[in-house]
K.L.:
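Before anything else, here's the structure in question.
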Number of protein chains: 2
Amino acid sequence: MDQKRPVRVRIIDVATEAGVSKSTVSIAFNNPQRLSAETTARIRSVADSLGYRPHPVARMLAQRQTRTLGILTPQALTVAFGNPFFSMFSQGVASVGEEFGYALLYVSPLHGSLARAAGQASVDGFVAIGLGEDHPEVEEIRSAGLPIVLVDSAAFPEHGSVEVDDEGGAFAAAQHLVELGHTDFLIIAVEPPYFAVGSDVVSPVLDGVMSRRMRGYRRALEAAGIELADERVVTGSAGFDGGVGAFNRGLDSGLHFTAVLVMSDAMAIGAIHAANERGLTVPGDVSLVGFDNIDEAEHTHPPLTTVHQPAREKGAAAARLLLAAIDRRGSGQPEHRRLGTRLIIRESTSRVAGERQEVNSET
Amino acid sequence: MDQKRPVRVRIIDVATEAGVSKSTVSIAFNNPQRLSAETTARIRSVADSLGYRPHPVARMLAQRQTRTLGILTPQALTVAFGNPFFSMFSQGVASVGEEFGYALLYVSPLHGSLARAAGQASVDGFVAIGLGEDHPEVEEIRSAGLPIVLVDSAAFPEHGSVEVDDEGGAFAAAQHLVELGHTDFLIIAVEPPYFAVGSDVVSPVLDGVMSRRMRGYRRALEAAGIELADERVVTGSAGFDGGVGAFNRGLDSGLHFTAVLVMSDAMAIGAIHAANERGLTVPGDVSLVGFDNIDEAEHTHPPLTTVHQPAREKGAAAARLLLAAIDRRGSGQPEHRRLGTRLIIRESTSRVAGERQEVNSET
DNA sequence: CCGGTTCAATAAACCGGTTCGACAACTCGG
DNA sequence: CCGAGTTGTCGAACCGGTTTATTGAACCGG
């Protein structure tokens, strides 16, 4: 049995082998111009032949920086990565992270506790996606002296934040359908209990986002004098399947509707699929508007009308704010950014079909 | 200007305040039963009131473990996260990571060097997605004494690995079309230069995967006596848009084909969309088989026939192998796992239409 | 009253680097 | 030939914890 125990080469080994002190070795790597060329060369070659790599953790400790950005999510990663939107957001964070040489650490609740998970993460700062008021980990992190940028939540003015105009986007979506003459609506929301583990509070994150969207829908409908009965709001789990389930439930409840507002594209794609399966054509029988504008929304059949939110820019902006906060180490004002949303009209929506044309063209 | 400089509370502060030594404080947290109940309680309460959190990096250094799993990808994260498959894989890794209390660190090339990036990552081990033979970072990591599990590559028998039967899946896909009577094929591949930065070698990863799939296609066609001209293989960037581009290019080249084999679902979805835009119906005019079986494949119109690969299980298996390797610290045999693929027949494929219909008139 | 246990708490070493101040040797102007 | 700078290297302290061997006090039976 060849015990392949590749004992790590330490800086002291290199120093001994090269006949210098460990400070000198360290300098040879981090500040070569302070050393004579030959010494540097010798140390380098010894290090190479020994296969020396500075221990990243020791280095982090001494330099007091990790060159790592943390992404904090109150949902399990298995659910987070199930949402294409999250991937796009990640792309944004990653793009600026990579540019500045930072790796990405994903932190999700461990054994139900996000705070504990955050506590044992070695990062220079956090991007927290949707931590609402009652999330104690924000305080936790602050007391650890780490900067944090909140996404989809402005509950903590003392920290940077990046938001998106959810309400405005939702309003535009609903208004668009109203203008097409629709009066009978179904709303598909993502259901609140996103996960339920351990003793921690359950994520009110999406709750915030979703309730803002709901507000936008409601405002537009009210403005058009359309009343929205509670049973016209159905929910399902985030993700494609949740969309088919919710749509079917809406259908089965016996409601009549010609327009569906869906709070996420993933669910909207599921809903389109469900509609087809049930013999309904989109947008002939039912018009449908999603939210997010994920990449696949353009390629559905029919292409999905949806509210674009700049997910990648959101991630990038959050990362930039965080890097800035890391740089100035606690001083300076936190920045708050709010990005726009806009309605993308494709082909999943159309004027309401002939007969029930009780047009309410005022507003 | 209130300088909010939340100086971190250190263990020594707690010790002083509680009138004990720092060892005692450490024990109070990690081995409470060794201490008298009252001392523990007092220390805990002092720590609470001071807001003490053990410094994760210091702790990692002392304990020689990070409780973090590294995910190594030779592509920039911006491109990796653009592929739904990657998200599914991540879900798998995350699910077992979360179960055992590990966070996830994504490591991608920094300034063009994956080796450098890997070197400064503080993890207990790596899951490397598709590192081919000529990737020096594997040796690099081994010499750092860290375990590594290779995914989609068995180039290093001394490390654990998880693979998938790409060739078999591709074979089944092609055979299915052959059985439906198709003889005129187009193959859409993902183009090799996935990125090109710095001095490092460009990822041969996907290359390996893609060439295995190609081999599968070819074998099935040859078995049916169908010859595949080189110009019938078109490429595009991974992702939806790459699919539409490639499909259009195939169409524009004047080739006649009734069947398309696409090496990824994302591209297949783009291809379906492109086909519709060009007035072709799927599967009426052209049959189409994807690869991966991502979640959205079920909800396309028509639902996509594709080769299922167990992406989540792949991630989970890799993570489990890695955790096992971390546990036994270098001893023990590396394990190699190979997972199956299977053809999922949905509705994007059908028997070839009667006569030699002229599919494409001109551009 | 004494040697042997047990229990609680501690001092010191350690994890593996970085960094600061000091020092010796060498250079150079006067 | 002396004193002031430079230059190259080193020792020691430090980052913030954990861990091991040790100590001192209390306990206990003989």
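Small disclaimer: the values here were computed from a predicted structure and weren't measured. All values below come from the heavy atoms of this structure, side chains included, with hydrogens, waters and symmetry mates left out. Order of the sequence lines sets the chain letters (A, B, ...), proteins ahead of strands, with each chain counted from 1.
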K.L.:
Let's test your reading of the model: under 3.5 Å, does the base of dA11(C) pair with the side chain of S23(B) as donor and acceptor?
P.N.:
yes
K.L.:
In residues 49-64 of chain A, which ones come under 4.0 Å of DNA chain D, going by heavy atoms?
P.N.:
L61(A), A62(A), R64(A)
K.L.:
Could you please name the partner base of dA22(C), counting Watson-Crick and G-U wobble pairs only when both distances are under 3.5 Å?
P.N.:
dT9(D)
K.L.:
Hey, can you pull the residues of residues 26-34 of chain A with a non-hydrogen atom under 4.0 angstrom from DNA chain D?
P.N.:
R34(A)
K.L.:
Do we get R67(A) above F100(A)'s six-membered ring, with its NZ or CZ under 6.0 Å from the centre and within 45° of the axis?
P.N.:
no
K.L.:
Under 4.0 Å, counting only non-hydrogen atoms across every strand here, what does S36(B) touch: a base, just sugar-phosphate, or nothing?
P.N.:
sugar-phosphate
K.L.:
Take atom NZ of K22(A) and atom P of dC20(C), then tell me their distance rounded to the nearest Å.
P.N.:
15 Å
K.L.:
Within a strict 4.5 Å, meaning less than it, do heavy atoms of the P32(B) and R44(B) side chains meet?
P.N.:
yes
K.L.:
Pair L69(A), I326(A) - check side-chain contact (heavy atoms from CB on, under 4.5 Å), show working.
P.N.:
CA-CA 10 Å; L69(A) 264 29; I326(A) 290 173; 4.1 Å; yes
K.L.:
Measure the spacing between CZ of R8(B) and CG of D13(B) and express it to the nearest 0.5 Å.
P.N.:
11.5 Å
K.L.:
Does S23(A) form a side chain to side chain donor-acceptor pair (under 3.5 Å) with S26(A)? I'd like the steps, not just the answer.
P.N.:
CA-CA 5 Å; S23(A) 336; S26(A) 176; over 6 Å; no
K.L.:
Students should find this one: the first and last nucleotides of DNA chain D, 5' to 3', lying under 4.0 Å from a heavy atom of chain B. What are they?
P.N.:
dG16(D) to dA21(D)
K.L.:
Could you tell me whether E38(B) atom CD has more than 12 heavy atoms of other residues or ligands within 6.0 Å of it?
P.N.:
no
K.L.:
Kindly say whether the aromatic ring centers of F81(B) and F89(A) come within a distance under 6.0 Å.
P.N.:
no
K.L.:
Would you sort out whether F156(B) and I148(B) count as a side-chain contact (heavy atoms from CB on, under 4.5 Å), showing the intermediate values?
P.N.:
CA-CA 10 Å; F156(B) 302 88; I148(B) 179 171; over 6 Å; no
K.L.:
Side-chain donor-acceptor pair under 3.5 Å between S90(B) and Y106(A), yes or no?
P.N.:
no
K.L.:
After noting the C-alpha distance and the side-chain angles of K314(B) and R337(B), does the key distance pass the side-chain contact (heavy atoms from CB on, under 4.5 Å) rule?
P.N.:
CA-CA 9 Å; K314(B) 206 161 142 182; R337(B) 296 201 49 188; over 6 Å; no
